[in-house]
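Below: one structure, written as structure tokens.
As the structure lists them, so they are numbered: ligands from 1, and atoms in each ligand from 1. These figures come from a predicted structure and were not determined experimentally.
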Amino acid sequence: MAFTKHILFIFVFLAISNKCNAQGLKVGFYKKTCPSVEAIVRKETTRIISAAPTLAAPILRMHFHDCFVRGCDGSILLNSTSNNQAEKDSFPNLSLRGYGSIDRVKSAVEKQCPGVVSCADILTLVARDATLLLKGPFWEVPLGRRDGRVSNSTEVLINLPPPFFNITQLIASFASKGLNAKDLVVLSGSHTIGTSQCSSFSTRLYNFTGVGDTDPALDSNYIAQLRRKCSPTDTTKFVEMDPGSFRTFDQGYYAQVAKRRGLFTSDSALLSDPETRAYVRLQATSKGSTFFQDFANSMVKMGKIDVLTGNQGEIRRTCAFVN
Ligand code: HEM
Ligand SMILES: *[C@@H]1O[C@H](CO)[C@@H](O)[C@H](O)[C@H]1NC(C)=O
Ligand SMILES: *[C@@H]1O[C@H](CO)[C@@H](O)[C@H](O)[C@H]1NC(C)=O
Ligand SMILES: *[C@@H]1O[C@H](CO)[C@@H](O)[C@H](O)[C@H]1NC(C)=O
Ligand SMILES: *[C@@H]1O[C@H](CO)[C@@H](O)[C@H](O)[C@H]1NC(C)=O
Ligand SMILES: CC(=O)N[C@H]1CO[C@H](CO)[C@@H](O)[C@@H]1O
């Protein structure tokens, strides 16, 4: 009897500790094992972004793409192999850049604390620091993610919302990742930095419903401006998503969207739902904006999507390859 009780106790203990692991991200996770990790990441990221400020946007976007496909497990960083096409090499990742920068930060961390800090955590920290360096908000990053061993390009198309999604589809896509309509409108504020290829929105300018028409949701003066930059078949040009301040993380995006100048259907769509529309209008005009605080909260939430923790996955030595 005593023996059975003992076994039961161990079983319950394991079940509980396993559950803790599954939710176990925490600020200061590496306090004992790699106390300088955040300082190293900040120093390296500062060096990288000072030299190439336009890398901040694709790195922030990379974290989003990582989290929406198999959770924030660094799977976006894995390279394809002879018998596997990785996420990196799927169509929506065509314009992602900055993989080399993540590798460089990882090497710097490895020098100090070999085999301790995951690539998934490094990407999350670099995304936070890159945002901060473009004058965006700071937030504490809960850490303890482990790296996945699988990266499958097909899963990108299934999990990432494309730029032509309408509001219903966007809300459903975010809901499938545990994010709500507020997270959607807040995280879309990332489009206050960075650029887009013409091909991501050019049907809105030339052939919206397939009869040579334009998108009525897009301001007609803006359409004329965009047409001058983007020919119908352009494959080389980039357009600033928040024109004039695409290197500064600010509220500018919401002013653009409120003026019907959101670049993608997915940006314009935020005016089609009462809750997201109210948020866009408020942030477009408000002086004491809550955007930075909201963004911090939603980024922490996004950073927890389907994470591997405890003894799941591994700590990759090189971010492009499984151990
Ligand atoms: C709501 C659904 C979203 C859609 C449909 C979407 C779609 C896109 C597309 C099509 C581009 C342009 C890519 C190109 O043509 O080069 C882009 C750029 C970007 N996205 Fe999103 N995005 C979404 C949400 C997010 C989120 C949640 C984040 C970050 C938390 C984000 C961050 C960025 C950034 C920073 C860029 C600029 C990248 C650069 O300059 O290279 N996006 N997005
Ligand atoms: C991984 O692939 C990228 C191209 O997608 C390449 O530039 C890089 O050198 C590769 N990384 C390694 C460590 O081989
Ligand atoms: C990749 O994902 C797709 C869609 O879930 C699946 O059908 C396919 O078998 C996967 N490929 C590999 C190599 O696991
Ligand atoms: C969004 O698109 C889906 C699929 O095409 C469609 O069923 C739905 O009615 C659309 N919703 C809105 C609000 O346009
Ligand atoms: C517009 O789209 C329709 C339907 O997809 C296509 O048949 C047509 O060729 C396109 N027109 C142009 C000018 O690209
Ligand atoms: C940076 C990077 O790896 N981009 C890849 C995205 O996917 C295409 C294939 O669709 C590759 O050609 C690119 O190299």
What protein heavy atom is closest to [atom], reported as residue, atom name and distance in Å?
atom	value
atom 13 (C) of ligand 4	T168 OG1, 3.2 Å
atom 14 (O) of ligand 5	N207 ND2, 3.4 Å
atom 5 (O) of ligand 5	G210 CA, 4.5 Å
atom 4 (C) of ligand 4	Q169 NE2, 3.5 Å

Practice item. Identify the heavy atoms of R70 and E155 that sit nearest to each other, and give their distance. Key: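 Scanning both residues completely, I find the closest heavy atoms to be NE-OE1, 2.7 Å.
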Practice item. Identify, by atom number and element, the atoms of ligand 2 in contact range of F321, meaning under 4.0 Å from any of its heavy atoms. Key: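 Counting atoms of ligand 2 from 1, those under 4.0 Å from F321 are 12 (C), 13 (C), 14 (O).
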Should the pair [X]-[Y] be classified as a salt bridge under the 4.0 Å nitrogen-to-oxygen rule?
X	Y	result
R42	E38	no
D183	K301	yes
R149	E314	yes

Review point. Aromatic rings H191 and F264: how do their planes relate, parallel, tilted or perpendicular, breaks at 30° and 60°?
Key: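 Answer is perpendicular, since the angle exceeds 60°.
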Exercise for review: Only heavy atoms count here, so choose which of T318, L77, N79 is nearest to atom 11 (N) of ligand 2.
Suggested key: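 The residue whose heavy atom sits nearest atom 11 (N) of ligand 2 is N79.
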Check your understanding: Relative to atom 2 (O) of ligand 4, which among D273, N166, I171 owns the nearest non-hydrogen atom?
Key ->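 Looking at heavy atoms only, N166 sits closest to atom 2 (O) of ligand 4.
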Exercise for review: Please indicate, with yes or no, if any protein heavy atom is found under 4.0 Å from atom 9 (O) of ligand 4?
Suggested key: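 Not a single protein heavy atom is under 4.0 Å away.
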Review point. When the aromatic ring centroids of F295 and F249 are compared, is their separation below 6.0 Å?
Key: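 Ring centroids of F295 and F249 are less than 6.0 Å from each other.
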